[in-house]
Amino acid sequence: MSEIDTSQFRIENEPYYKPVGNEVEQFAAAYDVRMPVMLKGPTGCGKSRFVEYMAWKLQRPLITVACNEDMTASDLIGRFLLDINGTKWQDGPLTIAARIGAICYLDEVVEARQDTTVVIHPLTDHRRQLPLEKKGEVVNAHPDFQVVISYNPGYQSMMKDLKQSTKQRFGAMSFDYPQAATEAEIVSHEAGIDLKTAERLVQVAERSRNLKGHGLDEGMSTRLLVYAGQLISQDIPAPAACQMALVEPLTDDPDMRDTLQAAVQTFF
Ligand code: ADP
């Protein structure tokens with residue numbers, strides 16, 4: 001499969017990632033033994049950025065798949081396509097990653113149906129193989145290949161959880177929003193705003209995070225704080241920036257909106 005241009009999956013420039021603990025060392029150790037890794041945590045807390053950073057640091061190509069409930073096993077593995085010469089097999093992203101020795105990042109894997117998720121099983125145990133049943137081929141994973149999955153335990157329900165037989169194939173790392181000082185530094189850096197303003201955005205977010213389970217499914221993510229900061233850096237007044245980036249995305253409920261607006265007014 002030498003026709004695959006692996007350079008498109010390479011991360012050329014160091015992504016900005018601020019470690020919040022010893023996750024860099026732990027992930028590197030897991031990669032050294034090619035342990036599949038599961039990243040758990042709320043949306044927008046830095047999981048994807050961390051994987052990008054690690055792929056850059058470990059100098060591996062990175063193939064990311066955003067999982068969804070309509071995704072089928074063929075979307076991961078590949079399928080026969082019709083063209084003028086007849087049928088032609090096209091590898092899916094998981095197969096490409098296994099062939100070229102990439103890190104394959106399956107984002108929000110819990111969104112995928114369980115029958116889709118099980119295709120990663122033979123790749124995530126001692127076999128490190130991917131059977132392409134329709135094609136009659138078994139792909140032996142490249143020695144550098146690794147599977148990384150993310151999921152948000154907050155959304156978990158009886159209907160949507162990973163099977164134990166899937167979970168127990170991974171070493172797992174828990175992520176959460178960074179500590180206030182660290183998060184402010186991240187927001188300041190990412191949005192190009194002063195630290196004082198970033199600190200205030202973080203304080204607004206902390207208020208919202210305390211409302212999780214009390215009318216909010218999730219608090220404001222680090223990603224949303226970066227959005228708010230970016231609007232502020234474009235000279236949008238802070239209250240309007242917070243309304244657009246922090247309040248409106250989170251809720252459609254008028255009472256909850258009032259509560260969040262009050263939190264914004266406390267700090268801006
Ligand atoms: P997730 O994958 O958890 O949904 P992301 O990795 O996309 O979230 O993070 C959202 C944004 O938050 C990133 O684009 C980045 O700007 C910022 N971010 C969060 N944590 C960090 C961190 N530790 N270092 C640098 N940026 C971070």
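Counting convention: from 1, in listed order, for ligands and their atoms alike.
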Salt bridge flag under 4.0 Å for residues Arg257 and Asp252: no

Per-atom contacts of ligand 1 with Tyr16, taking only distances under 4.0 Å to non-hydrogen atoms: 25 (C)

Spacing of Asp75 atom CG and Thr116 atom OG1 [to the nearest 0.5 Å]: 8.0 Å

Min N/O separation Gly46 to ligand 1 under 3.5 Å: yes

Short N or O distance, Cys45 and ligand 1, threshold 3.5 Å exclusive: yes

Salt-bridge contact Asp194-Lys196 (side-chain N to carboxylate O under 4.0 Å): no

Ligand-side contact atoms (ligand 1) for residue partner Lys18, heavy atom cut-off under 4.0 Å: 22 (C), 23 (N), 24 (N), 25 (C)

Closest approach of any protein heavy atom to atom 12 (O) of ligand 1, naming residue and atom: Thr222 CG2, 3.8 Å

Atoms in ligand 1 flagged as close to Thr43, the criterion being non-hydrogen separation under 4.0 Å: 4 (O)

Qualifying residue, where the test is side chain to side chain donor-acceptor pair (under 3.5 Å) with Glu190 and the options are Gln230, Arg49, Arg223: Arg49

Polar atom proximity, Arg49 to ligand 1 (N or O, under 3.5 Å): yes

The one among Leu225, Asn152, Ile186 that brings a heavy atom closest to atom 21 (C) of ligand 1: Ile186

Within one Ile-Leu-Val-Met-Phe-Trp-Tyr cluster: Trp56 and Leu39, side-chain cutoff 4.5 Å: yes

Protein contact of atom 2 (O) of ligand 1 - nearest heavy atom, named by residue and atom, plus distance: Ser48 OG, 2.5 Å

Path from Ile232 to Phe267 over hydrophobic side-chain contacts below 4.5 Å: yes

Polar contact flag for Glu190 and ligand 1 (N/O pairs, less than 3.5 Å): yes

Apart from Met35 itself, residues in the same hydrophobic cluster as defined by side-chain heavy atoms under 4.5 Å: Val33

Backbone N/O of Val147 and side chain of Arg34: donor-acceptor pair under 3.5 Å: no

Shortest protein contact, atom 7 (O) of ligand 1 (heavy atom only): Arg223 NH2, 3.2 Å

Proximal candidate to atom 1 (P) of ligand 1 [heavy atom criterion; set Pro15, Pro42, Ser221, Gly44]: Gly44

N or O contact, Tyr105 vs ligand 1, cut-off under 3.5 Å: no

Linked, directly or transitively: Phe170 and Val148 (ILVMFWY side chains, under 4.5 Å): no

